[in-house]
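Down below is the structure, laid out as structure tokens.
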Amino acid sequence: MSTHEPSLAPNFIRQIIANDLKTDKHKGRVATRFPPEPNGYLHIGHAKSICLNFGMAIENNGTCNLRFDDTNPEKESDEYVQSIMRDVQWLGFSWSELRHASDYFEQLYGYAVVLIEKGLAYVDSLSAEQIRAYRGTLTEPGKPSPDRDRPIAENLDLFQRMRAGEFADGQYVLRAKIDMASPNINMRDPAIYRIRRVHHQRTGDAWCIYPMYDYTHCISDALEHITHSLCTLEFEDHRPLYDWVLEQVETPSHPQQIEFARLQLEYTIVSKRKLNLLVTEKHVNGWDDPRMPTLAGLRRAGVTPKAIRDFCERIGLTKQNSWIEMGVLEYCIREDLNENALRVMAVLAPLRVVITNYPDGQTENLEISNHPQRHELGKRSVPFAKTILIEQDDFAENPPPKYKRLVLGEEVRLRGSYVIRCHEVVKDADGNITELRCSYDPDTLGKNPEGRKVKGVIHWVSEAHALPAEIRLYNRLFSVPQPDNEANFLDALNPNSLEVLSDCRIEASLAEATGEHRYQFERTGYFCLDTVDSVDGKKVFNRTVTLRDGWVKD
RNA sequence: UGGGUCGUCGCCAAGCGGUAAGGCACGGGGUUUUGAUCUCCGCAUACCAAGGUUCGAAUCCUUGCGACCCAGCCA
């Protein structure tokens with residue numbers, strides 16, 4: 001089986017970097033950063049950015065820092081910091097340096113003083129509402145605040161006293177003095193510092209003023225000597241501000257901001273607010289619920305880091321707003337799991353089958369390959385006995401056309417075992433099928449019967465040896481491709497996103513199942529052990545993804 | 001009706017003036033003790049539209065049309 005890495009497709013950022021390297025723009029350096037705000041869990045959309053930033057660094061022998069953009073303590077917490085570090089590492093990346101925007105608070109303050117001294121920033125006493133009113137609209141220019149021409153010395157004094165805690169939250173704000181008539185609203189004297197008496201998860205109560213994103217991000221990038229500052233499209237019209245700040249203050253470098261389109265995946269949402277709502281209103285069971293598009297959720301569902309990395313490479317990188325079909329992610333998951341998952345048998349909805357001509361009390365330990373192609377993965381022993389369990393769906397009294405499983409009077413192959421023929425259907429008083437009575441052909445173990453072909457192959461477990469298990473079948477969380485477009489995204493929740501099967505039977509070898517392994521329950525899908533909810537005597541398995549089903553029913 | 005960005009196959013996406021890569025999806029054939037995998041084949045005379053430049057245009061120019069983003073003391 002091939003394990004070749006997908007070839008690295010050209011994309012506009014790779015081209016820019018390659019060109020910068022060629023022209024020696026940054027002395028051969030490539031330095032990127034992944035800059036999450038610790039206000040939520042990382043999701044599949046972040047994965048695209050992580051793979052991009054770390055990927056560019058790895059490909060070019062550069063560096064990539066993990067930098068927490070922790071300038072708004074109201075929404076941030078250490079829980080998120082910890083989860084983000086864990087998820088980045090789980091995805092397979094190691095940061096060059098761990099940084100925090102809050103590491104730069106003192107320097108940021110110093111640069112702000114410089115801005116004031118240069119007459120490029122002023123302390124404004126307008127309220128938030130007034131600032132909004134003064135800002136103008138998309139088609140009308142804004143008008144200057146009465147404080148816009150406050151003398152430098154006064155600004156300096158006020159800003160120092162803002163830091164010292166002399167004023168109430170919201171009483172003053174420091175604004176960059178740029179252009180109230182700019183067609184780019186971001187340039188209409190944006191606020192760069194606000195007063196907030198909020199405990200910061202890292203700096204504690206050392207500060208009561210906090211710098212804003214636009215002011216902080218560019219300087220943080222510059223202080224870290226980032227060469228390529230990669231961000232999403234919505235920051236495109238913030239770029240003039242990014243550049244303006246770095247042109248006014250003397251930072252050690254001036255990184256280039258490059259914007260790309262964020263990931264939009266069908267049947268999911270990635271808005272932090274909405275994900276948070278799903279968790280707090282208990283529409284899902286936590287941030288790591290396998291239905292969540294969070295990395296924690298994908299991990300618990302059994303999705304591998306490799307599959308996600310492959311996905312992020314496959315979807316490409318452009319400036320076009322686009323929607324990726326779920327099928328692409330599923331393909332990537334299946335591709336990895338097909339190659340690496342151990343094959344085992346599990347019966348989700350059991351139907352008893354008695355092999356009438358098999359000796360009472362006899363058990364055969366059949367050696368069955370753990371992988372049909374990769375024989376180096378070895379074999380396992382699977383007990384076979386007179387009474388076995390098969391899937392209810394694998395027997396039909398009135399089979400549809402082209403049905404190739406078990407029907408009355410016909411034969412079917414038991415995976416890794418014998419060919420059996422069904423002779424009798426046993427029913428209860430209500431007409432429900434309770435048992436099948438079959439015979440086996442002793443001469444079909446490891447070979448085809450002579451003179452006839454048996455098309456169907458079904459999975460099974462020995463009733464006496466099988467272990468009970470709970471199997472959770474996960475389906476897409478939403479029933480429409482773009483839940484964000486709904487008036488209320490909660491209305492688009494798929495009511496059948498989780499089916500819990502609590503009375504399944506799994507083959508005995510799974511007694512030793514661990515969370516490290518991925519399994520293919522033959523013919524039903526890929527599963528992994530849920531290490532959180534499994535208990536002694538009853539293991540819980542999560543379905544990662546179904547097997548592709550090419551059976552076109554007529 | 002201000003500014004920014006984007007329009008190539010159902011969904012992504014190469015292409016950078018020399019005559020439409022690739023992947024997913026889909027359809028069909030073969031192998032198969034998983035209706036899986038694997039494998040073979042098919043799948044845009046056409047690049048938002050209309051003009052223009054050129055021997056030659058998805059690529060250059062013009063004019064339209066459509067979509068997305070921006071008026072937080074969020075990031």
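Sequence lines set the chain letters: A, B, ... in the order given, protein chains first and strands last, and positions in each chain run from 1.
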So which nucleotide does [N] pair with, by the Watson-Crick or G-U wobble rule with both distances under 3.5 Å?
N: B:rG2; result: B:rC70
N: B:rU33; result: none
N: B:rC43; result: none

Quiz prompt | Set of salt bridge (charged side-chain N to carboxylate O under 4.0 Å, His left out) partners for A:Glu522, sequence neighbours left out | solution =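 Per chain and number, A:Glu522 pairs via salt bridge (charged side-chain N to carboxylate O under 4.0 Å, His left out) with A:Arg415.
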
Mind checking the [atom1] distance from [N] to [M]? Whole angstroms is fine.
N: B:rG22; M: B:rA14; atom1: C1'; answer: 7 Å
N: B:rC41; M: B:rU5; atom1: C1'; answer: 41 Å
N: B:rG27; M: B:rU63; atom1: P; answer: 46 Å
N: B:rC9; M: B:rU1; atom1: C1'; answer: 36 Å
N: B:rA58; M: B:rA44; atom1: C1'; answer: 12 Å

Quiz item: Does A:His46 have any ring-ring contact (aromatic ring centres under 6.0 Å, His included) partners at least two apart in sequence or in another chain, and if so, which?
Solution: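 For A:His46, the residues satisfying ring-ring contact (aromatic ring centres under 6.0 Å, His included) (neighbours in sequence not counted) are A:His43.
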
Exercise. Please list, chain by chain and in numerical order, all residues satisfying side chain to side chain donor-acceptor pair (under 3.5 Å) with A:Glu234, sequence neighbours excluded.
Key: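 Scan of A:Glu234 (side chain to side chain donor-acceptor pair (under 3.5 Å), adjacent residues dropped) gives A:Thr232, A:Arg262.
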
Quiz prompt | Chi-based syn or anti call at B:rG29, which uses purine or pyrimidine torsion atoms and a 90° bound | solution =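 B:rG29: anti glycosidic orientation.
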
Quiz item: What string of B, S and - do you get for nucleotides 66-75 of chain B, 5' to 3', if B is base contact, S is sugar-phosphate-only contact and - is no contact with any protein heavy atom under 4.0 Å?
Solution: --SBBBSBSB

Self-check item: Qualifying ring pair (Phe, Tyr, Trp, His ring centres under 6.0 Å) pairs with a residue from residues 175-198 of chain A, counting only residues at least two apart or across chains
Solution: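 For residues 175-198 of chain A: A:Phe159-A:Tyr193, A:Tyr193-A:Tyr215.
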
Quiz prompt | Short side-chain N/O contact to B:rU1 OP1/OP2 from A:Thr139, under 4.0 Å | solution =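 So the side-chain polar atoms of A:Thr139 never come under 4.0 Å of the phosphate oxygens OP1 or OP2 of B:rU1.
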
Practice problem: Could you tell me whether the phosphate oxygens of B:rU37, OP1 or OP2, come under 4.0 Å of any side-chain nitrogen or oxygen in A:Arg548? | Solution: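 Looking at the OP1 and OP2 atoms of B:rU37, one of them is under 4.0 Å from a side-chain N or O of A:Arg548.
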
Quiz item: Residues in side-chain contact (heavy atoms from CB on, under 4.5 Å) with A:Asn19, at least two apart?
Solution: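 By the side-chain contact (heavy atoms from CB on, under 4.5 Å) rule, A:Asn19 matches A:Lys22, A:Thr23.
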
Self-check item: Side chain proximity check, A:Leu295 to A:Tyr41, heavy atoms < 4.5 angstrom
Solution: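 Not in contact.
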
